[in-house]
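A quick write-up on the structure given underneath.
This structure is a prediction, so every number in the text was calculated from the model and none was measured. Within every chain, numbering begins at 1; the chains are lettered A, B, ... in the order of the sequence lines, protein sequences first and strands thereafter.
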Amino acid sequence: MPDELVIDVRGMTKRFGRRTVVNDIALQVRKGEIYGFLGPNGSGKTTFIRMLCGLLKADAGSGTCLGSDVITGSETIKRQVGYMTQRFSFYEDLSIAENLDFVARMYGLKDRRNAVERSIEGLGLKDRRDQLAGELSGGWKQRMALAACLIHEPRLLLLDEPTAGVDPKARRDFWDQIHDLAARGLTFLITTHYMDEAERCHRLAYISNGNLLVHGTVAEVIDRARLTTWSVTGRDLNDLSRRLRETPGVEQAVAFGTMLHVSGADERALEQAIAPFRMDDYEWKQVRSSLEDVFIHLMQTSKASSAE
Amino acid sequence: MSARPTFSPARLRGMIVKEFIQMRRDRLTLAMTFGIPIMQLLLFGYVVNSDPRHLPAAVLMADNGPQGRTLLEGLKNSTYFDFVREVKTEAEGRSLLTRGQVQFVINIPPNFTHDLLRGDRPAVLVEADATDPLATSGGIASLPAIFDTALQEDFKGPLAYLAPARRSIDVRVHALYNPEALSQYNIVPGLMGVVLTMTMVMITALAITREIERGTMENLLAMPVRPSEVLLGKITPYVIVGYIQVGIILLAAHYLFKVPIHGNLALLLIGAFVFIAATLAMGITFSTMAKNQLQAMQMAMFVFLPSILLSGYLFPFRGMPQWAQVLGEILPITHFLRIARGVMLKGIGFQDIGRELWPIVLFAIVMLTIGIKRYRRTLD
Ligand SMILES: Nc1ncnc2c1ncn2[C@@H]1O[C@H](COP(=O)(O)OP(=O)(O)O)[C@@H](O)[C@H]1O
Ligand SMILES: [Mg+2]
């Protein structure tokens, strides 16, 4: 059944006091899918994930996670989910092997010793097995946390900013591994701030101020934003971008190396806005909006609407 | 549908193993395990070893015989007493005591010599100002020996037939102002209760808040572990700490302070186990209620004061007002003190201990139940 839904929830809502932090979010994630969860800090991503695995009580919402009721079935869900917290939350005063052994015991693994050894070897942690977790660098901590989340062979992994503070090579390895696991049928919900990582997701959702604004594949998200983007090269782009930003019709002018991306939601208005600058010194070209252009656009428009 | 996992001994073992490793690596725990009993023993040892001498005393001498005079000489030769004066009446002696000019009044009765020679075991009444029991206990304890040594000389020759009758005098001490006359015998067993309360409650009160503040709680909650497993797993390793402390204090009691252990040591250790369990249960329950480590510490202090004041450790239990006695009866330390003192000093048996054990067990069960109920399963 290729379209089996691992996460299928709607109306998920969480309030802290009078603040609604997650507002009526619906999400569907299929088996074997890598689903990206994006949005600025404080938009409610962590809160949403915590509701999925029963760490926070939802104020409203319904649906299923791994076939169990997302509101009442959290004990069953917990046993089949691997949750990697945003902040490292294993025991810094235990060694890698001790941490893994503890997790294996908590899930009541039958063949505990072997499971721990396999996990240590599989992640190339063998040389460091007796090192205290608190002494590990960011990249190693992340590897250990992932190993610990996988040890009980979960069907769904919830990874909350797993690559924050990790170097590019380690990030690349991490994502290769995630694609391997997904190919074997594991499902992932991953939050990230990196655009390259977002582009490696099968589908993604963008959330801002607790509202889910768009979701779909990368191409769908870009198309749905209906954003027009021009790129321009030439001399003194700094000055140009400053002047463009003050022009009505231009939402953003962002430098990408020697190039400037100028975007706006209204195609006609944008064309009028850049018309005075289409001189010999500059080379203008209409391009496909990048994911980053779209996200910045979403962030600005949602900020503007929530400020009203 | 979402069957909550049943209690799993294997998961409990996992929690215990983890907590045990953390306990071993925690410097603070190590420092408290050895530091608190040693500090308390030193404080106390200082007081006891000061064993004051040259205490002012008055004598009411009503006997004219030679042995009365021998006693007086013996007292003067001992370094415990300095004779301020001889008094003529009991009232005069009492007024000196009241005004604090003397610590003791020693009454040698009329016909003392006569009675002694007849083998009648005459009584010598010692009135003592026991406001500070530690100050008087040394002198009082040494009195019979001082008398015996003094009379030894007289009982040579024709009176030798009296010599084997040791304690030929009946020394009657009348302790004024502090009738229970606490002594080191009383305090050392009590110290055990106080040290255990202090350490056990302080260490475990931090247990849950530490997980929260280090961020590890989020992970723990995401795993299928029951509150009872977490709480029991967190307190079990500290039973070892408690027993180490009991061991330190018992060794000190025996070798440093020469406190006799009249009863069965195994009984004392059983009592200690139940008491340790109850204090740990109390600490972990505080931990489930505290918002942060500071609050947990304040709660620990909150029980510490009544434990010292209302348990009979510092003040005689019978001397407290009714309401204080009722509060005291609730505290496990009150019952443990009775067990410890009873076993060590009076050699009481299992039946007597049982009477004090069940209130501690009840307290532990109630505390743990509250803790399990209060343990939060979510981060809300
Ligand atoms: N336990 C809590 N109590 C009160 N407010 C909270 C709590 N947890 C999160 N928040 C608030 O909810 C908002 C969303 O937080 P979070 O879900 O962590 O966002 P994100 O993971 O997207 O950065 C933030 O403004 C945060 O301050
Ligand atoms: Mg977050």
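Distance check, rounded to the nearest 0.5 Å: CD1 of B/Ile21 to CG of A/Asp101 gives 7.5 Å. Within the model, atoms CG of A/Leu94 and CD of B/Gln22 stand 5.0 Å from one another, a figure rounded to the nearest 0.5 Å. Atom CG of residue B/Asp380 and atom NZ of residue A/Lys14 lie 3.5 Å apart, to the nearest 0.5 angstrom.
No more than 12 heavy atoms of other residues, nucleotides or ligands shown are found within 6.0 angstrom of CZ on B/Arg376. Heavy atoms of other residues, nucleotides or ligands lying less than 6.0 angstrom from CZ of B/Phe302 number 12 at most. In this structure, A/Glu135 places its CD atom where more than 12 heavy-atom neighbours from other residues, nucleotides or ligands lie under 6.0 Å away. For A/Arg10, the CZ atom sits in a packed shell: over 12 heavy atoms of surrounding residues, nucleotides or ligands are nearer than 6.0 Å. More than 12 heavy atoms of other residues, nucleotides or ligands lie within 6.0 Å of OH in B/Tyr375, so this atom counts as buried by the packing criterion.
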- Item | Stepwise side-chain contact (heavy atoms from CB on, under 4.5 Å) test for B/Arg214 and A/Tyr91 | CA-CA 9 Å; B/Arg214 290 185 184 171; A/Tyr91 298 97; over 6 Å; no
- Passes side-chain contact (heavy atoms from CB on, under 4.5 Å), A/Met106 versus B/Met15? Steps please. CA-CA 8 Å; A/Met106 289 303 105; B/Met15 274 307 292; 4.1 Å; yes
- Show your reasoning for whether side-chain contact (heavy atoms from CB on, under 4.5 Å) applies to B/Met23 and A/Asp93. CA-CA 10 Å; B/Met23 176 182 93; A/Asp93 48 353; over 6 Å; no
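Contacts with chain B were tallied for A/His152, A/Met84, A/Arg112, A/Lys57; A/Lys57 has the most, counting heavy-atom pairs under 4.5 Å. Interface summary for chain B: among A/Tyr83, A/Phe88, A/Phe102, the most heavy-atom pairs under 4.5 angstrom belong to A/Phe102.
With a threshold of 4.5 angstrom between heavy atoms, A/Val81 does not approach chain B through any atom at all. Residue A/Phe90 touches chain B through both its backbone and its side chain, counting heavy-atom pairs closer than 4.5 Å. No part of B/Met217 comes within reach of chain A, as not one of its non-hydrogen atoms sits under 4.5 angstrom from that chain. Only the side chain of B/Arg25 comes within contact range of chain A, with heavy atoms under 4.5 Å apart.
A/Ser89 and B/Gly215 make their closest contact through CB-O, 3.0 Å (heavy atoms, listed as atom of the first residue, atom of the second, distance). Closest of all the heavy-atom pairs between B/Thr378 and A/Leu55 is CB-O, 3.1 Å. Listed here is the closest heavy atom pair of B/Met223 and A/Lys78: O-CD, 4.0 Å. Residues A/Tyr107 and B/Ala222 share a closest heavy-atom pair of OH-O, 3.8 Å.
A salt bridge links B/Glu218 to A/Arg50: one of the charged nitrogens lies within less than 4.0 Å of a carboxylate oxygen.
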